[in-house]
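Order of listing sets the numbers, starting from 1, for every ligand and every atom in it. Small disclaimer: the values here were computed from a predicted structure and weren't measured.
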Amino acid sequence: MPGLNHGPSPRHAKAFTVAYSPIMRADPLKFLSDELDSLKQQGLYRHLRVLESEQGAHATFDRQSVVNLSSNNYLGLTTHPKLREAALEAVRRFGAGSGSVRTIAGTMDLHMELERRLAAFKHVESVVVFQSGFAANAGTVAAILTKDDVVISDELNHASIIDGCRLSRAAIKVFPHKDANAARAILKDLPAAQRKLVITDGVFSMDGDLGSLPDLCAAAEEYGAIMMVDDAHASGVFGKNGRGTVDHFGLHGRVDVQVGTLSKAIGALGGYVAGSTAFIEFLHHRARPFLFSTSHPPSVTATCLAALDVLLEEPQIIDRLWENTRFFKKGLVDLGFNTGASESPITPVIVGDGALAMKLSDRLFQEGVFAQGIAFPTVARDKARVRTIVTATHTRDELQFALDRFAAVGRELGIR
Ligand SMILES: Cc1ncc(COP(=O)(O)O)c(C=O)c1O
């Protein structure tokens with residue numbers, strides 16, 4: 001029957017057997033290669049390092065064995081025996097994929113169980129899980145705001161928040177980093193009837209400092225704004241058993257929207273949003289990544305459930321993370337490096353110039369330490385850095401080795 005598909009009918013098949021010959025034309029994507037060439041000239045071009053082992057405290061990247069200070073595997077859960085076993089068992093029982101988006105056939109009882117367990121863990125009414133922390137942030141902000149609303153956002157908030165704000169088409173008012181008074185001044189000038197969302201990262205991913213959540217919360221309450229925190233780097237790290245910054249600051253019941261990630265300390269993949277039942281049910285109906293992208297494979301969900309068990313049953317892992325953090329941070333400060341205002345296991349070594357940060361990272365790698373160089377546009381042009389993240393599974397010897405290499409390479413490059 002004509003029109004049923006777009007394949008050639010046998011009668012016309014001959015017309016499609018012409019040999020493929022590329023047409024000579026100017027490359028319309030050439031501007032992209034020009035931009036890459038410019039990055040190379042500035043020393044800012046980044047090769048992807050390839051991991052050839054487990055994501056461990058010691059790992060093999062690009063055929064080289066290194067102390068790994070670049071992963072977000074804060075608690076070492078990516079390789080925890082209970083998580084591995086949970087993933088394998090889920091594959092055996094339920095197969096490799098979920099086969100559908102959540103709103104059609106892709107909601108498995110495992111997904112529901114994880115959401116129930118996360119809600120109890122976070123002391124909230126309800127939770128919805130997204131495919132990633134990025135999808136959770138962007139999907140949530142874009143769902144709850146419209147072009148008539150206003151977002152009041154910390155200048156260093158994560159890209160996924162910024163993208164969510166842009167997608168919502170709400171007006172975006174940015175306040176200087178951690179400056180709750182500036183946020184308050186913005187709120188004060190807005191019409192009382194206008195819908196407002198105050199949003200901050202719980203832990204800032206490039207600086208490792210904490211957002212000014214208590215003061216922002218108070219301002220949001222005073223002006224009737226929605227309060228939202230992105231706890232991607234606080235999940236599993238801050239608060240009792242890793243419940244996040246709301247628990248850390250004792251703000252239960254005062255933050256309307258909490259985003260957490262399952263991709264970092266939790267050791268698997270995903271993001272979740274925690275809040276009231278009405279809010280979460282609204283996201284079921286309006287958050288586009290929830291509606292239009294396939295849900296987690298059962299292995300990922302089962303892994304997250306096992307990770308929650310570990311957080312509750314083995315809190316000593318979190319204690320070890322903090323002992324290692326204190327040791328390594330003090331080591332870097334004692335060596336005279338500028339580590340900014342970090343309060344978490346993320347410690348930057350700020351060098352200023354982008355090319356110098358990349359050079360420091362490359363030389364450290366040659367010496368057996370992987371600490372990623374980070375430059376503009378991820379951080380401001382004059383704030384390029386090497387970022388370090390310690391984990392619970394680093395040994396003292398590994399951390400001391402890394403400090404010794406930082407000392408030597410820093411001296412060689414005139415950074416300290
Ligand atoms: C502050 C922050 N929010 C959200 C995300 C996104 O989380 P995910 O990796 O789970 O998509 C990240 C990850 O880099 C992050 O650093």
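Counting atoms of ligand 1 from 1 in the listed order, those under 4.0 Å from a heavy atom of Asn137 are 3 (N), 4 (C). Under a 4.0 Å criterion applied to the non-hydrogen atoms of Gly270, ligand 1 contributes the atoms 10 (O). Every atom of ligand 1 with a heavy atom of Thr261 under 4.0 Å away is listed here by number and element: 7 (O), 8 (P), 10 (O). Taking every non-hydrogen atom of Ser132 and a distance limit under 4.0 Å, the qualifying atoms of ligand 1 come out as 10 (O), 11 (O). In summary, the atoms of ligand 1 found under 4.0 Å from a heavy atom of Ser160, numbered by their order in the structure, are 4 (C). Interface of Ser205 with ligand 1, defined as ligand atoms under 4.0 Å from a residue heavy atom, comprises 16 (O).
For residues 122-170, the ring pair (Phe, Tyr, Trp, His ring centres under 6.0 Å) pairs, not counting sequence neighbours, are His123-His252.
Nearest to atom 6 (C) of ligand 1 among the protein's heavy atoms is Phe134 N, 3.4 Å.
The distance criterion of under 3.5 Å between nitrogen or oxygen atoms is met by Gly133 with respect to ligand 1. In terms of polar-atom proximity, defined here as any N/O pair under 3.5 Å, Asp230 does make such a contact with ligand 1. Among the atoms of Val203, none of the N or O lies under 3.5 angstrom from an N or O of ligand 1.
The two residues Thr78 and Gln55 come nearest to each other via the heavy atoms OG1-O, 3.5 Å.
For the residue pair Ser160/Asp163, the side-chain donor-acceptor check at 3.5 Å is not satisfied. Between Thr391 and His394, the side chains place a donor N or O and an acceptor N or O closer than 3.5 Å (distance only, hydrogens not considered).
A donor-acceptor pair under 3.5 Å is formed between the side chain of Ser263 and the backbone N or O of Gly270. A donor-acceptor pair under 3.5 Å is formed between the side chain of Trp322 and the backbone N or O of Val237. Between the side chain of Glu367 and the main chain of Val409, no donor-acceptor pair closer than 3.5 Å is present.
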